[in-house]
Amino acid sequence: MNQLKHKVSAFSVLPAALLFSGCIYIDAPSEADTKPPRVVADIRPSIDRDAVFLSPGILRSDDGRTVNMERGIIFVPENRSKADSRLIAVHFLRVPAVDPEAGRSPVFTLPGGPGSEWDHTDPIIFDHLEKLRKTRDYIFVTQRGNTAETYTTPDLTFASPPAFGPGDAANVDNMMAVGGGAYRAALGEWTERGVDVTGYDITNIVDDVYDIKNALGYDDIVLRGCSFGSQWSFSYIKRWPETVDRALLSGVEPLDYAYDSADWLVASMDRLSASAADVPALKARMPEGGLTAAIAATVERLETEPAEVILPTPDGGTVTVAIGPDDVRTTVRYAWGLFEQDTDYANLAFWPRFVLELYEGDYRVLAFMKLAQLQDDGRGKLLGPLIDNSLGISPERDAKLLAEKGRDILEPNWFYRATRDAEQGAPQVPLEFLEDFPNDIPTLLVSGDYDWSTPIENAEAVLPSLEQGHLVTVAGATHCPLFQPEQILADDPEAADRIFSFIDLDFSETPASEFFATLPDRVELNPVPFDDSEVALFDQFIASGGLE
């Protein structure tokens, strides 16, 4: 039996605030979020667009390692499609190669989100940096308008009121109306403050990378990205293929795949269910069809019999929480993060029991997540929907996703559809931009088959268009497996080192196709240590001090 470790305060569960809403751009409140938003003044008269500002420093990891680095700023048009656009700052980090004499193309690391920022003091991220900079400079690009860089960029955030109260069952239509309205109001507000929100789109952030490359004097680059970082990389390849040496991508998100396939997410859950069924105590509680059948039965029951849950509160009182089918559809794939264990595997170990408890009529954990979401007063990152909506989705794929059977139990795309038609936002790219395109750029894909953000089927779909491509499926891995300490880096470090060796491979000596032939198609991780305790999750939560 796993030991549930309480790591959160009552009614302040970050994953619930992040994920229950269905909006992946919500952050926990921070000092920066509570300050009045700032707007960059027009600096064109005093700044040369071609100027690069570099500040030397030392990067220190939490485990004591150090490396020399430079923090950089480049000033670029807020909207390159407008001749009179003001300039804004784009931030980046550069770490020099260990062997600069090698003269290799630099690695440009593009973070996900949109709106994510990497903490390079984290030992795992620092490990990546060291693996990537052996013969190449390492460049990390911060997306324009990212709230992590609030001093020289607009602090683009927005607040969205809740679409329901504790006593109301969630309703996707109401969530779309409230969320879409808040997004449109924020676009209007920021436009009035002088921000050209139409410039915060996929084309401009791609060209930010291109401008940084040119400003630093590089001819071509290596692309490294995970999740949206892979989609950003594919977008760069679409616009500037002649400047790309190679690409190492994980958590793969092709250009027309910003919206998630409910069927593919269900397929990933089915793979986990099959593994969990190897645990006798869990298998005995599963209906025929496994965990996804349990979710379906729960949704069907709630369609006709919405539930009410009475929860204790920190002050010794109680609160009544309504639970309906959309509470399940919009939350269930994220619920494994509720208890914030040390690793994704530790979180995922509790997910089968969470689903089985819903199936058996115990909605307390789900109700707690709902309260946490309602009591969160964080602000959303406007950057996320702006960029995602500028990519959008093709009509063909949209129709396919709307017709999927998996939508009976999952509703993964409501926020995209609620915000995509906002008139103030950037227009969607031409449909041909979203099409997979044959290219001969050596590209290594690494994805997990338990990935519920960018399912492994995404990578399988784009692979045929890569004339020099290879996919390593990490069986049993979640999102972005190279970044998880308990996944491939620990379970199979030799495979991980082999994957990273792709970065320094000399194609004149070993063509990419020959190298790919030496890589496995599949890496098996150690099984998830599924929890099979007979004590209900909410009771464990209370016993661990959840209301203290």
Test side chain to side chain donor-acceptor pair (under 3.5 Å) on Thr243 and Asp220; report intermediate values, then the result.
CA-CA 4 Å; Thr243 69; Asp220 53 19; over 6 Å; no
Hey, mind stepping through Tyr200 and Asn79 against side-chain contact (heavy atoms from CB on, under 4.5 Å) and telling me if it holds?
CA-CA 8 Å; Tyr200 295 82; Asn79 190 331; over 6 Å; no
Contact check, side chains of Phe108 and Ile212, non-hydrogen atoms, under 4.5 Å
yes
Is it true that the side chains of Arg246 and Ser105 contain a donor and an acceptor less than 3.5 Å apart?
no
Trp118 side-chain N/O to Leu110 backbone N/O, donor-acceptor pair under 3.5 Å:
no
With a cut-off of 3.5 Å and sequence neighbours excluded, list every side-chain donor-acceptor pair involving residues 427-435.
| unit_1 | atom_1 | unit_2 | atom_2 | d |
| --- | --- | --- | --- | --- |
| Gln428 | NE2 | Leu391 | O | 3.3 |
| Gln428 | NE2 | Ile393 | O | 3.4 |

I'd like to know if the side chain of Ser390 reaches the main chain of Ile387, judged simply by a donor and an acceptor atom lying under 3.5 Å from each other, with no hydrogens or angles considered.
yes
Just so I know, are the side chains of Leu272 and Asp270 near enough to count as touching, which here means a heavy-atom distance under 4.5 Å?
no
Is it true that a side-chain atom of Trp264 and a backbone atom of Thr454 form a donor plus acceptor pair closer than 3.5 Å?
no
Evaluate side-chain contact (heavy atoms from CB on, under 4.5 Å) for Thr419 paired with Met176, printing each intermediate quantity in order.
CA-CA 8 Å; Thr419 58; Met176 291 180 65; over 6 Å; no
Specify the closest pair of heavy atoms between Pro442 and Asp245, including all atoms of both residues, with the distance to one decimal.
CD-O, 3.6 Å
Looking at every heavy atom in both Ser275 and Tyr450, which two are closest together, and how far apart are they?
CB-OH, 3.2 Å
Test: Lys213 and Asp211 ion pair at under 4.0 Å:
no
Output, in order, the C-alpha distance, side-chain angles, deciding distance and verdict of side chain to side chain donor-acceptor pair (under 3.5 Å) for Asn389 and Arg420.
CA-CA 5 Å; Asn389 288 329; Arg420 65 184 180 182; over 6 Å; no
Is a side-chain N or O of Glu253 found less than 3.5 angstrom from the main chain of Ser230, in a donor-acceptor match?
no
Do His128 and Phe140 make the cut of ring centroids closer than 6.0 angstrom?
no
Using the side-chain contact (heavy atoms from CB on, under 4.5 Å) rule, take Arg285 and Glu357 through it: C-alpha gap first, then chi angles, then the decisive distance, then the call.
CA-CA 9 Å; Arg285 298 168 63 181; Glu357 289 178 7; 3.9 Å; yes
Taking side chain as C-beta onward, heavy atoms only, is Tyr138 less than 4.5 Å from Arg94?
no
Sequence neighbours left out, cut at 3.5 Å: what donor-acceptor pairs do the side chains of residues 507-516 make with other protein atoms?
| unit_1 | atom_1 | unit_2 | atom_2 | d |
| --- | --- | --- | --- | --- |
| Ser508 | OG | Asp506 | OD1 | 2.5 |
| Ser508 | OG | Asp506 | OD2 | 3.3 |

Are any side-chain N or O atoms of His479 and backbone N or O atoms of Ser250, one a donor and one an acceptor, separated by less than 3.5 Å?
no
Take Val332 and Leu410 through the side-chain contact (heavy atoms from CB on, under 4.5 Å) test and state the conclusion after the steps.
CA-CA 8 Å; Val332 69; Leu410 296 175; 3.5 Å; yes
Quick check: do Leu386 and Asp388 have side-chain heavy atoms less than 4.5 Å from each other?
no
Mind listing the closest non-hydrogen atom pair of Ala215 and Ile74 along with its distance?
CB-CD1, 3.7 Å
Is it the case that Thr478 and Asp451 place a side-chain donor and acceptor less than 3.5 Å from each other?
no
Angle class for the Tyr259/Tyr416 ring planes (parallel below 30°, perpendicular above 60°, tilted otherwise)?
parallel
Closest heavy-atom pair and its distance - Pro385, Phe415
CB-CE2, 4.0 Å
Describe, in one word, how the ring planes of Trp240 and Tyr210 are oriented to each other, choosing from parallel (under 30°), tilted (30 to 60°) and perpendicular (over 60°).
parallel
Can you tell me if Lys400 has over 12 outside heavy atoms packed within less than 6.0 Å of its NZ?
yes
Answer whether the closest heavy-atom distance between the side chains of Leu282 and Phe530 falls below 4.5 Å.
yes
Determine whether a donor-acceptor pair (N or O, by modelled atom type, separation under 3.5 Å) exists between the side chain of Asn204 and the backbone of Arg80.
yes
Any carboxylate oxygen within less than 4.0 angstrom of a Lys/Arg side-chain nitrogen, looking at Arg144 and Asp201?
no
Backbone N/O of Asp326 and side chain of Thr330: donor-acceptor pair under 3.5 Å
yes
Does Asp327 use its side chain to pair, donor to acceptor, with the backbone of Ala170 at less than 3.5 Å?
yes
Of all heavy-atom pairs linking Ala97 and Asp137, the shortest is N-OD1, 2.9 Å
Check this for me, if you would: do Asp398 and Arg417 make a salt bridge, where the nitrogen-to-carboxylate-oxygen distance has to be below 4.0 angstrom?
yes
Tell me whether Arg136 is salt-bridged to Glu130, with the criterion being a basic N under 4.0 Å from an acidic carboxylate O.
no
Please assess Gln468 against Thr443 for the test side chain to side chain donor-acceptor pair (under 3.5 Å), listing each intermediate value before the final yes or no.
CA-CA 6 Å; Gln468 294 195 81; Thr443 303; over 6 Å; no
Qualifying ring pair (Phe, Tyr, Trp, His ring centres under 6.0 Å) pairs with a residue from residues 380-400, counting only residues at least two apart or across chains:
none
Is any side-chain heavy atom of Ile456 less than 4.5 Å from a side-chain heavy atom of Thr473?
yes
Atom CD of residue position Glu300 - does it have more than 12 heavy atoms of other residues, nucleotides or ligands inside 6.0 Å?
no
Note: Ala293 and Glu288 closest approach over all heavy atoms is CB-O, 3.3 Å
Apply salt bridge (Lys or Arg N to Asp or Glu O under 4.0 Å) to the pair Lys238 and Asp436, showing each step before the final yes or no.
CA-CA 9 Å; Lys238 192 87 172 200; Asp436 292 335; over 6 Å; no
Should the pair Asp408-Arg329 be classified as a salt bridge under the 4.0 Å nitrogen-to-oxygen rule?
no
In terms of side-chain geometry, is the basic nitrogen of Arg333 or Asp260 positioned less than 4.0 Å from the acidic oxygen of its partner?
yes
Okay, side chain of Glu411, backbone of Val172: is any donor-acceptor separation there less than 3.5 Å?
no
Evaluation steps, side chain to side chain donor-acceptor pair (under 3.5 Å), between Thr135 and Asp504:
CA-CA 7 Å; Thr135 63; Asp504 295 311; 2.4 Å; yes
With a 3.5 Å cut-off and no angle check, do the side chains of Asp207 and Tyr236 form a donor-acceptor pair?
no
Donor-acceptor pair, side chain of Lys381 and main chain of Gly115, under 3.5 angstrom:
yes
Do Met269 and Pro352 come close enough that some side-chain heavy atom pair is under 4.5 Å?
no
Are side-chain heavy atoms of Ile237 and Leu223 found at a separation under 4.5 Å?
yes
Mind checking the CG-CZ spacing from Leu129 to Arg224? Nearest 0.5 Å is all I need.
11.5 Å
Where do Arg271 and Glu457 land on the salt bridge (Lys or Arg N to Asp or Glu O under 4.0 Å) test, with the steps shown first?
CA-CA 13 Å; Arg271 288 188 284 270; Glu457 287 83 357; 3.2 Å; yes
So, are Lys405 and Asp263 salt-bridged, with charged N and O less than 4.0 Å apart?
no
